[in-house]
Amino acid sequence: MTSPNTRRLAADAGLLAIAAAFVLPLAWVILSSVDPRADLTVKVPDGVTLDNFDAVLTPEITFTPMLNSLLLCGGGTVLTVICAALAAYPLSRFRSRLNRPFLLTILFATSLPITAIMVPVYALFVQVNLIDTMQGTIFFFAASQLPFAIWLMKNFMDGVPKELEEAAWTDGASSLQSLVRVVLPLMGPGVAVVTVFSFVMMWGNFFVPFMLLLTPEQMPAAVSINEFFGNRGTVIYGQLAAFSVIYSTPVVLLYVGVARRLGGGFALGGAVKG
Amino acid sequence: MKRQASGPPHPAFRAFTRALPLTPASVLLLLFLAGPIAYCAYIAFTDLQLTGQAEDSFIGFDNFRTAFGDEAFLNAVWLTLVFTVVSALLGQNTLGLALAALMQRASKPVRTLVGGIVVTAWVLPEVVAGFLLYAFFRREGTLNAVLDWLQLPTQNWLYTLPILAVSFANVWRGTAFSMLVYSAALNEIPKEITEAAEVDGAGGWRRMWHITLPMIRRSIGTNLMLITLQTLSVFGLIWVMTRGGPGGRSQTLPLFMYEEAFQKSMIGYGTAVALLLLVVGSLFSVIYLRLLRTEV
């Protein structure tokens with residue numbers, strides 16, 4: 001029998017070997033972003049420079065697309081979280097014959113390939129004049145994220161004991177008041193998870209804004225980076241790497257914040273229990 | 001106070017007010033999700049085009065007949081199959097399980113570090129991931145530099161093996177999901193069971209095969225279902241890396257759908273392809289629901 005120590009070392013070595021393969025592309029983007037002569041190979045830069053960041057921190061390249069991303073994903077997230085909180089309340093609190101079919105439909109929709117409906121959504125948006133509008137894109141973002149958000153929110157809400165709310169009801173609070181004043185504050189971490197998860201999903205999504213927005217001034221970073229990269233002959237890799245770092249940092253930080261607060265595979269516990 | 005005076009509200013009225021908070025979500029879902037799906041089911045049977053056409057007309061199953069006679073479509077179906085099997089079923093699933101199993105035994109700092117790296121690849125925006133792996137697989141990229149250093153033959157991966165390059169990219173990006181699912185599942189296995197097997201002399205592989213895998217089979221089913229569905233709808237990653245090329249050799253169904261609908265302006269035809277994807281996705285979703293049926 002091998003000793004636990006040997007086994008731990010073997011496991012550590014195996015993990016580090018796999019991680020080495022995972023880390024190469026990440027190391028490339030970070031090193032290239034500060035490398036004055038970045039190319040496509042990962043290497044230690046000859047000197048460290050912030051010129052790449054300087055060059056991309058302009059209104060056209062960084063600020064406008066990032067602001068657009070913030071508007072789109074912020075708007076979509078707010079809408080998703082409000083609608084999901086409202087919808088989860090009756091599903092979690094009251095018994096009704098409608099609950100089960102509703103939840104099953106939601107779960108079914110959670111796993112539909114949304115990519116597949118982008119062509120009809122485009123065709124539909126042209127007909128109702130929502131194409132190339134921020135609000136249309138926000139509505140679609142919210143709708144596509146809602147099934148999962150409702151499902152998560154309901155699971156978190158189930159964890160808040162009903163007795164606390166009954167006290168509020170006796171004091172004459174309406175359902176809406178008890179939702180806002182009692183239930184939501186008690187499930188703060190759950191709301192944070194739904195919010196961050198929705199935001200991260202929208203922030204990284206490329207296909208939805210790529211299809212639904214047309215004017216360059218409205219493009220979020222997800223699409224503008226692709227334009228940047230589109231004419232490949234003239235790409236300045238250091239700048240593209242710097243922009244990738246700027247664009248990715250918010251979601252990585254948000255994720256780390258939530259994951260640390262809830263430990264490990266946070267949202268998945270409630271979502272894909274098997 | 002008034003309500004008490006007039007007695008308890010009628011049950012139907014109460015059911016109605018209780019269901020009221022469901023309205024905003026339901027309206028959004030009906031208008032922006034169910035609506036497009038229904039519209040998809042309709043235009044898939046028309047010859048709708050983007051330009052130069054006064055009116056679309058109903059053409060029945062023609063789009064589907066065209067598709068199954070279209071070599072480019074059959075090529076996309078085949079590539080989608082390769083992409084899904086290689087990147088999801090073989091790649092993400094087994095690598096995710098291996099990572100989770102190793103993490104059970106590894107020391108805490110290594111576990112945290114490796115978990116952090118793998119999860120970062122997952123959290124990165126789709127386009128950034130595509131761009132990083134484009135750089136990795138390019139002729140002058142990191143992979144060839146490493147191979148060169150190891151004295152192994154190099155090649156232009158994005159040209160010679162584009163579908164494998166995008167499959168590996170999807171493994172890089174998606175493995176964290178399986179890793180998290182399996183870590184959660186393995187943590188729920190009571191220690192006594194594996195310890196008892198160990199005392200009985202079962203080696204690592206036998207314990208994995210006869211005890212651990214049967215105990216987490218529901219997680220395996222759920223995970224396979226979900227990663228298949230996620231992989232079926234990957235667009236941005238492949239688009240950034242290869243645009244589906246060269247010569248359609250990494251063109252999976254979502255990219256084929258996009259090209260037919262927009263570059264060739266055949267919205268009806270593109271939507272027929274989308275409908276097929278949705279039907280396949282729905283079948284997987286139904287199996288997934290059956291796996292979970294005791295949970296709702």
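Naming convention: chains lettered A, B, ... in sequence-line order (proteins, then strands); numbering from 1 in each chain. Note: hydrogens, waters and symmetry copies are ignored here, and every other heavy atom, side chains too, is used.
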Given the options [options], which has more heavy-atom pairs under 4.5 Å with chain A than any of the others?
options	answer
B/P24, B/P254, B/G141	B/G141
B/S107, B/G236, B/A121	B/S107
B/V27, B/L99, B/L232, B/L143	B/L99
B/T23, B/T271, B/N223, B/V280	B/T271
B/S26, B/A25, B/G281	B/A25

[X] side chain to [Y] side chain, donor-acceptor N/O pair below 3.5 angstrom:
X	Y	result
A/W203	A/S69	no
A/Y89	A/S178	yes
B/T252	B/T80	no

Mind ranking [options] by heavy-atom pairs under 4.5 Å with chain B and telling me who comes out on top?
options	value
A/C83, A/S111, A/P90	A/S111
A/A87, A/A19, A/A13, A/G136	A/A87
A/A109, A/A11, A/A10	A/A11
A/V42, A/V245, A/L124	A/L124

Can you tell which part of [X] gets under 4.5 Å to a heavy atom of chain A, answering side chain, backbone, both or neither?
X	result
B/L278	both
B/L30	neither
B/V273	neither
B/S282	both
B/L124	side chain
B/I43	side chain
B/T175	side chain

With a 6.0 Å cut-off on the ring centroids, do A/F210 and B/Y258 count as close?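 Yes, they do, as the ring centres are separated by less than 6.0 Å.
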Side-chain (A/R93) to main-chain (A/M157) donor-acceptor, under 3.5 angstrom: yes
B/R138 side chain to B/Y134 backbone, donor-acceptor under 3.5 Å: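 Between the backbone of B/Y134 and the side chain of B/R138 there is no qualifying donor-acceptor contact (under 3.5 Å).
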What part of [X] gets closer than 4.5 Å to chain B, counting heavy atoms only: side chain, backbone, both or neither?
X	value
A/Q127	side chain
A/L9	neither
A/S96	neither
A/I150	side chain
A/I18	side chain
A/A84	neither
A/M201	neither
A/L91	side chain
A/V23	both
A/L98	neither
A/L179	neither

Separation of B/T84 OG1 from B/Q230 CD (nearest 0.5 Å): 11.5 Å
Quick one: sort the A/F243 and A/Y247 rings into parallel, tilted or perpendicular, breaks at 30° and 60°. parallel
Report the relative orientation of the aromatic rings in A/F207 and B/F235; use parallel for angles under 30°, tilted for 30 to 60°, perpendicular for over 60°. parallel
Taking NZ, NE, NH1 and NH2 as the nitrogens, is one of them in A/D158 or A/K154 under 4.0 Å from a carboxylate oxygen of the other?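 Salt bridge between A/D158 and A/K154, a charged N being under 4.0 Å from a carboxylate O: yes.
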Side-chain heavy-atom pair [X], [Y] within 4.5 angstrom cut-off:
X	Y	result
A/L107	A/P147	no
B/L158	B/M241	yes
B/F136	A/W28	no

Which atom of A/V29 lies closest to which atom of A/A241, heavy atoms considered: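 Heavy-atom minimum between the residues: O-CB, 3.6 Å.
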